[in-house]
There are 2 protein chains.
Amino acid sequence: MMATSKSEQAYTLLSDRIASGALVPGYRLVLGTIAAELGCSVVPVREAIRKLEAEGLVLFERNVGATVASVDTELYLHTMQTLSVIEGAATALAAPLLTPEDLGRARAINESLRQTLTDFDPRRFTELNNQFHAALYENCPNPHILDLVHRGWARLAAMRTSSFDHVPGRAHHSVAEHDGLLDLLATGAPAEEIERAARQHRTNTLNAYLAAAGQPPSAI
Amino acid sequence: MMATSKSEQAYTLLSDRIASGALVPGYRLVLGTIAAELGCSVVPVREAIRKLEAEGLVLFERNVGATVASVDTELYLHTMQTLSVIEGAATALAAPLLTPEDLGRARAINESLRQTLTDFDPRRFTELNNQFHAALYENCPNPHILDLVHRGWARLAAMRTSSFDHVPGRAHHSVAEHDGLLDLLATGAPAEEIERAARQHRTNTLNAYLAAAGQPPSAI
DNA sequence: ATGTACGAAATCGTATACGATCCATCATGC
DNA sequence: GCATGATGGATCGTATACGATTTCGTACAT
């Protein structure tokens, strides 16, 4: 009858809205309101919020309520740093399993990225950029690492604000670095080298943000 | 009146029991039973289980129920691999903040470890080993990474089985590798080098397990 | 004007209740 | 004997209800 439970529906709904930015950080999540909108009672909504809390997407205060995790520059940058580490590992682990078709798709996506550079649209760039990296690490044989990458992205998406959407010139470098990464993968470079390159690519972006925030570059 | 909510009590209770091994993997968590034991209704227990599910400690199947995440050799090893990556990064990031006192404490713990080698007790060794590593990475400036390390340990503790408690000879190597790591830290080696050493140390343990399971060593 | 006390409204936390679903057991037919 | 289908019990999923707690506005005293 019902394919998914109401608590899962609530979880998906809220999760999507936070990721899409429809629910801005700091927004107050009132149980009754959400329940009314979903056409259910508060119990499933509470469960959904508990899950979101465990993932760090919302803050839950006893007897006060839940709010979308607030934008915290520091946390945002820390999450990026974490992601650079995890995604580097994921890419290295997935590399031996990449088929020529996978690489071809990744190259095609990167060409699309290159085209967006002339008429830059941050949202589209981010979207394609995610697709590019996902293509490289998606068949990582360690599901645990893959899960962490996905969670990391969810957090970043939830916290993304206009102030971080674009660092001038970074997009051009990014596309070029993608080329380098693809070449490494095509030549079957050792795992360690791939990991270093993938992480460095992410760290470069992180450092661009850090520099914009007047902070020293990442130590790793 | 009530310091913590019942759902948090339930969460803590179950979390502790799983970590301590009192609840073995595969154990069926029946809402009503747990609720009765806690002296509360099922609603808070459900919330607690949702949180545990989000952390990967329990499996939750719709209309069927929750079970403690089952022992899965593959998942166990994957979690170790993940931890080697995260903990390496955490150690590298924490290294510049280590005080001589911190290093002294770590050395003392490693000496305790060395002493246990003569009359080997796997449980005590594991406990001290955790203390040693925690001393090195505990003041990692990236709370997100630190959180992942803690969660990784919780998962490993929850899944630990007798079959993985001990790989012959590994403990001796481990203590020696600790010495090497301490020396690196004392001389203020670059972050990259520390990360590699910390990760390699973990990867060696992982590979010992993999070898025992007749599998090839980790690629990273 | 500022701070405090109080009361009302909003919201949370959880017990209870009951329908929905699943699983095990047993009966039935082949 | 084995497959198939019915039945009862166990368990889950969630609506509802109500007490507990916080928050906010208002009145009052300083």
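Below, chain A is the first sequence line, B the second, and so on; all start at residue 1. All values below come from the heavy atoms of this structure, side chains included, with hydrogens, waters and symmetry mates left out.
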| message | What residues from residues 32-41 of chain B pass a heavy-atom cutoff of under 4.0 Å to DNA chain C? | response |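 Hits under 4.0 Å, by residue number: C40(B), S41(B).
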
Please report, rounded to the nearest Å, how far the [atom2] atom of [N] is from the [atom1] atom of [X].
X      : N       : atom1 : atom2 : answer
K6(A)  : dG13(D) : NZ    : P     : 14 Å
R28(B) : dA10(D) : CZ    : C1'   : 9 Å
Y11(B) : dT14(C) : OH    : C1'   : 20 Å
E61(B) : dC23(C) : CD    : P     : 7 Å
N63(B) : dC12(D) : CG    : P     : 9 Å
R62(B) : dT21(C) : CZ    : P     : 7 Å
F60(B) : dT11(D) : CZ    : P     : 14 Å

| field | side-chain contact (heavy atoms from CB on, under 4.5 Å) partners of T99(B), counting only residues at least two apart | value |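 By the side-chain contact (heavy atoms from CB on, under 4.5 Å) rule, T99(B) matches E101(B), D102(B).
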
| field | Contacts of type side-chain contact (heavy atoms from CB on, under 4.5 Å), residue E177(B), not counting sequence neighbours | value |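 Only R170(B), H173(B), H201(B), N204(B) meet the side-chain contact (heavy atoms from CB on, under 4.5 Å) criterion with E177(B).
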
| request: Using the side chain to side chain donor-acceptor pair (under 3.5 Å) rule, collect all pairs that involve residues 211-220 of chain A, keeping only residues at least two apart or in two chains. | output: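 Residue pairs with at least one partner in residues 211-220 of chain A: Q81(A)-S218(A).
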
Residues which pass salt bridge (Lys or Arg N to Asp or Glu O under 4.0 Å) with [X], listed by chain and number, not counting sequence neighbours:
X       : value
R124(B) : none
E37(B)  : R17(B)
D16(B)  : none

| said: I need the residues from residues 43-56 of chain A with at least one non-hydrogen atom less than 4.0 Å from DNA chain D; give them sorted by number, or say none. | reply: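 Close to the strand are V43(A), P44(A).
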
Indicate every side-chain donor-acceptor pair of residues 27-34 of chain A with a distance under 3.5 Å to a residue at least two apart or in another chain.
residue, atom, partner, partner atom, Å
R28(A), NH2, V64(A), O, 2.8

| task | Can you sort out the partners of F132(B) under ring pair (Phe, Tyr, Trp, His ring centres under 6.0 Å), two or more places apart, ordered by chain and number? | result |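 Residues passing ring pair (Phe, Tyr, Trp, His ring centres under 6.0 Å) with F132(B): H178(B).
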
| Pairwise distance CG(L185(A)) to CD1(I194(A)) - rounded to 0.5 angstrom |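 Nearest 0.5 Å value for the CG-CD1 distance: 4.5 Å.
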
| salt_bridge(R199(B), E195(A)) N-O dist < 4.0 Å |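 A salt bridge is present here (some side-chain N lies under 4.0 Å from a carboxylate O).
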
| task | For the helix from dA1(C)-dT30(D) to dC30(C)-dG1(D), figure out the bend between the end axes, five pairs an end, and round to 10 degrees. | result |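 One end's axis against the other's: 10°.
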
Enumerate, atom names and distances included, each donor-acceptor pair closer than 3.5 Å involving a side-chain atom of residues 52-59 of chain A, sequence neighbours excluded.
residue, atom, partner, partner atom, Å
E53(A), OE1, R50(A), NH1, 3.4
E55(A), OE1, Y11(A), OH, 3.0
E55(A), OE2, Y11(A), OH, 2.6

